[in-house]
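Have a look at the structure below before the remarks.
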2 protein chains.
Amino acid sequence: MNLEERYQQIQLDVLKKIRPAKKERELLESKYAEISSKLEKALQDAKIQARIELLGSFSRDTWISGNRDIDIFIILPYESKFSPKDLLNEIKKGIKLDWIRKHAKHPYLYAITDDIEIEILPCYEFELGRKIRSAVDRSPNHKQFIKQNLPVGSNEEVRLLKQFMKGTETYGAEIKVHGFSGYLVELLIINSDGKFLNVLKNASQLLNARITFQENLVIDVEKFKDDSLIVIDPTDEARNVASAVKEQTLANFVAAAQSFLKNPSMHFFFPKQIKITDRKIQIMKDSSVNICAIFHKEPKLADDILWGQLRRFEKGLYKFLDKNLINPIKVDSIVSNNEIITLILTEKQHTPFLQWNNGPPVNKDTQWEFLNKYSRREEVVFGPAIIGNRWKVLLSKKPYYLEDLIKNAIKENAITLPSHLDLKLKSIEIVCKEDLINRFSENKNRSFFLYKLLLGKPSYLIEE
Amino acid sequence: MNLEERYQQIQLDVLKKIRPAKKERELLESKYAEISSKLEKALQDAKIQARIELLGSFSRDTWISGNRDIDIFIILPYESKFSPKDLLNEIKKGIKLDWIRKHAKHPYLYAITDDIEIEILPCYEFELGRKIRSAVDRSPNHKQFIKQNLPVGSNEEVRLLKQFMKGTETYGAEIKVHGFSGYLVELLIINSDGKFLNVLKNASQLLNARITFQENLVIDVEKFKDDSLIVIDPTDEARNVASAVKEQTLANFVAAAQSFLKNPSMHFFFPKQIKITDRKIQIMKDSSVNICAIFHKEPKLADDILWGQLRRFEKGLYKFLDKNLINPIKVDSIVSNNEIITLILTEKQHTPFLQWNNGPPVNKDTQWEFLNKYSRREEVVFGPAIIGNRWKVLLSKKPYYLEDLIKNAIKENAITLPSHLDLKLKSIEIVCKEDLINRFSENKNRSFFLYKLLLGKPSYLIEE
C-alpha cells in the first residue's frame, strides 16, 4: 500500500467506528420530534412568539457516534420583551425533565434523557450590523452557511477531522483545551475543498494564517493581533471563529497533522490505552525530573470557570517557579474524584545556593543605599562589584526545595490565588516524588495522566 | 573638619607624596640636557634635518615623583626622505646606552639610565588636514594645547587626578587597563576649570558624555558609536582621545569618584596593602565561589600585544563557560614570575545534569530529523515536547566539573586560542580550589590578587 492508499484505508476504518448507525439517528430524530412538539405547545401556552430551530452537529449530520447531543434553539424576535430567563422558566413548566440551569456566556437548560444530552438555548434573531442581544444569536446563521457551503458528503470529512482532533487533544473551544470548535472544524473543511486530508496537508500553513470566505475582505488585523489563527466568521466579519485557539494547541495540531501524513496510523484518532505496569511505575520513579503535586478540593463550578481559574493558577505558579530558578518544565492539572491535582515538573530539586542581586547604576544616588545595605553583609559572597555600569552582589541563599517553595508561595501570596479555588495551606496537600507516584498508582486514570506528563511527548509518539 | 576641608587636607597630603622634589627635577633636567646635545650632534653628523622636542609629563611638569620618564621627540619635516628606522639607527650610533628597540604603533628607542626611562621617538611635522605619517605626529601639538590651556598651577591637579586613577586602577590607555591616558587626564582637568575636585564632582555625567574644546563643534557620532566616552582631540576633531576607555573602566572611575566625595580617604590614591594572613587564607577556602586557574608560560611580547591576546582569551573563556551553564562570575589574569595565571570564578562547580535542546518549529521539514534523532534516545528525560511552536527535548547530560570543562574547551577548540599564547594541554596546568589557594599563599603578590578577585569589590570598599 502506498501512503495515499493507507490514508484512505484508515479514514474508512475510522468512519466505521464514528459514523452513527441508522438506529442512533432514528433515536435522536424521534427524541427531537417529541421535545420540539412539547416546546411548541409550551410557547403557545405562554403566548411567547418565537421559532424553534435544531442546530448543532446532529442538525448538520456531523456528530460522532456516541456523542448524542440535541441542541435546540428558541429564536425570539429581536424586539421581543421576553428575556431568556422568562423563556426557560416557561419551558421548565412545559417539559418535565431533570433540567439543570447552566450558564456560559448565555443561560440555557440542560438535561440527559435516554443517554442523549438535550440543550435548549434561547436567543434573538440575528441581523448583520445590528448589536447581538445574546452570545449565541449567530448560531442559526452558522448552520445556514455550513448547509449552503459544505459539499455533499463532506459531513463525513468533518467527522474525521473532529475525531482526529479528539485523538490529538486539540478539539474543543473550552478553556481547558483552548482548541478548535465544531463550527471551526466545519469551516476548515469548507476551506480545504471539503476534504479532511487537505486540512492536514495544509496544516503547516496554519500557524499565523488568515482565512476568509469572501474575496478581497480587508481584515482589521489590529483587532486580532493576539490571535494565533484568524478565521473570519463568514456570517460576521468582525469575529474571529478561531480566537479561542491558543498557539500551543494550534502547534500541537500542526505537528500531529504532519506526523500523521508522514506515518499514518489509527492512533492519531484513538490514542493507545497504555497500561501502567510495575515497570512503568519504576520508569517514573527513576525519572531525573523532579515532581510534586498539590491536591486541592474541586469546587462546584461550570467547567469553563473552573478551568479558567486553574489555568490562571498554573500560569502564576510556573512564573513564580521560573523566577525562583528552580526551572519549571510543565504545570498541568487533572480533576478526578472531586479532587484537583495540580502537577509540577521541574529540572531542579531546589533553588540555587547563590543568586545575583542587581543594584543601581554607578552614577545614580540610589547606589549609596545599596552599598550601605550590602557592604558588610555576611551573605554577600562576591561584591558589591561593578559589572558593566551597575553595582551587583552575589548572595548566598538558603535553598528551598520544591515542596517548601510552593508552600511559601501560597503562604506569602507570592502568586495570585484564583478566588474560587481553595488553596489555603490547611486545605491543600503537597505530595512529591515516590510518594506521589505510589499514591497515583492506585488510580488508573491518574497514573496514566502522570505517566504521559512525565514522558512529555504527544501520545502518538509514545511506543508500546 | 567639614567635607571640603577634608578634601583639601587629603589633596595636600597626596601632593606631598607625589610632587617631585627639587633634586629629582634637577636630575631629569641635566639628563635631558646631556642627551639632547648628543642627539643634536648625531643628527648633524648624519646630515639629517630634524628638530628635537621634549614632550611627555616631564615637559609639562605633570609627572609623579618616582615615575621618571624623559620622552624626546625628533620631528622630521613632513617631506623628509628619512624613515624613523634610519633615524633610530643613527641615534644608536651616536649615543651609547643600552637601547632597546620597541614598537607600539610606531618604532622608538628605549633605555634606562640612572633610574630614568629614556624614550626617543621619531615623528613627522603635523599639520591639520594632512595625513599623518606616524602615529605620534600629533604629540607636539598636544603639548602645545596643554601648555596654552592648562591654568597656572593646575599641573598639580593633573598629578592628583593621575594618582587617583592609579589608586583606583583606571589610569593608562594600554589594553590591560583600557583606561585614561595622561593627555586625557590633562584635558579633563582643563574641561573642569583646572580643578581635580571638579573632575570628580562631574564624574557621574561622564558615562556616555561628549566633551569638546571648541564651541559648536559638530561630532560625527556614527564614527564614535562604540565609544563609552567621547573627548574630541582639540588638535584633531576626527579623533576621540578617550576611545581606549572601556565602559567598565569608566564605570569604575565614576563609582570611585563618587565614593571618594562621599567618604574621602587617602586609600583612593594609595590602596591599602592587605596582608594575607592565615585567617584570610581560610576565608578564601571557605568561599562558596568556585575557583580554578590556568597556569601558562609568559611569551616574550610587547605588553599591549600580550594583554590583547590575554583579554581575548579571557573573553572567549567567559562566553564558553556561560554557554555551558556553569555561570562564570569573573575571568582575570595575572602575570608573575614568567607565568601567566588566568583565574576563573564560577557560581557552579559543574554543568547541569539536565539541559534543553531546542529543535525546529512544528511546521518545518527539519522536524523529522530532530524527531528521528530524539524519539528513542535514552538520554531524553522529557519530550520530544511541543513547547510554544517548537519541538524541544530535555536531555540528561554528563556533568562536567570546571576543570574538565576547561580542558575540553582547549582540546576541542571550543574557544579561539590566541596565536601567541601557549595554551596546548601539555603546556598548561589547571589548579583548583584549595590546591590553588595553598599554592598562591606562597607568593604575596599572587595571594593578594586572588584575595581581591574573590572579594569582588573595589579596593576602597575593602575593610581592615
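We name chains A, B, ... by the order of the sequence lines, and we start the count at 1 in each one.
Looking at Leu394(A), only its side chain comes within 4.5 Å of chain B, counting heavy atoms on both sides. Using a 4.5 Å cut-off between heavy atoms, Gln205(A) does not touch chain B at all. Proximity to chain A (any heavy atom under 4.5 Å) is shown, for Lys246(B), by neither the backbone nor the side chain. Heavy atoms closer than 4.5 Å to chain B are found in the side chain of Pro352(A), but not in its backbone. Neither the backbone nor the side chain of Arg390(B) comes within contact range of chain A; no heavy atom of the residue lies under 4.5 Å from a heavy atom of that chain. Looking at Leu454(A), the atoms closer than 4.5 Å to chain B (heavy atoms on both sides) all sit in the backbone: N, CA, C or O. Contacts of Lys348(A) with chain B are made by side-chain atoms alone, with heavy-atom separations under 4.5 Å and no backbone atom involved.
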Checklist entry - Could you go step by step and tell me if Trp356(A) and Ile329(B) meet the side-chain contact (heavy atoms from CB on, under 4.5 Å) rule? => result CA-CA 10 Å; Trp356(A) 284 100; Ile329(B) 300 169; 3.8 Å; yes
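In this structure, Gln282(B) places its CD atom where more than 12 heavy-atom neighbours from other residues, nucleotides or ligands lie under 6.0 Å away. Heavy-atom neighbours of Lys176(A) NZ from other residues, nucleotides or ligands within 6.0 Å: at or below the threshold of 12. Around atom CZ of Arg311(B), more than 12 heavy atoms belonging to other residues, nucleotides or ligands sit under 6.0 Å away. A 6.0 Å sphere centred on CD of Glu369(B) holds no more than 12 heavy atoms belonging to other residues, nucleotides or ligands. The environment of Asn2(B) atom CG is dense: over 12 non-hydrogen atoms of other residues, nucleotides or ligands sit within 6.0 angstrom. The number of heavy-atom neighbours closer than 6.0 Å to CD of Glu169(A), taken from other residues, nucleotides and ligands shown, is 12 or below. The environment of Lys315(B) atom NZ is sparse: at most 12 non-hydrogen atoms of other residues, nucleotides or ligands sit within 6.0 angstrom. For Lys201(A), the NZ atom is densely surrounded, since the number of other residues' heavy atoms within 6.0 Å is greater than 12.
The choice from Arg376(B), Gln367(B), Gln355(B) that makes the most heavy-atom pairs within less than 4.5 Å of chain A is Arg376(B). Per-residue heavy-atom pair counts under 4.5 Å with chain B were compared for Gly388(A), Ser287(A), Ala385(A), Ala257(A), and the maximum is reached by Gly388(A). Most heavy-atom pairs under 4.5 Å with chain B, from the set Ser228(A), Ala203(A), Ser259(A): that is Ser259(A).
Residues Ala251(A) and Val362(B) share a closest heavy-atom pair of O-CG2, 3.7 Å. Between Phe382(B) and Lys330(A) the shortest heavy-atom distance is CZ-CB, 4.3 Å. Across Leu371(B) and Leu461(A), no two heavy atoms sit closer than the pair CD2-CD1, 4.1 Å. For Ser288(B) against Leu354(A), the heavy-atom pair with the smallest separation is O-CD1, 3.8 Å. Closest of all the heavy-atom pairs between Pro458(B) and Pro384(A) is CD-O, 3.4 Å. Across Asn389(B) and Glu247(A), no two heavy atoms sit closer than the pair ND2-OE2, 3.5 Å.
Atom NZ of Lys457(A) sits about 13.5 Å away from atom OH of Tyr374(B), to the nearest 0.5 Å. Between the CG atom in Asn363(A) and the CG atom in Leu207(B) there is a gap of 4.5 Å [rounded to 0.5 Å].
No donor-acceptor pair closer than 3.5 Å links the side chain of Gln258(A) to the backbone N or O of Lys364(B).
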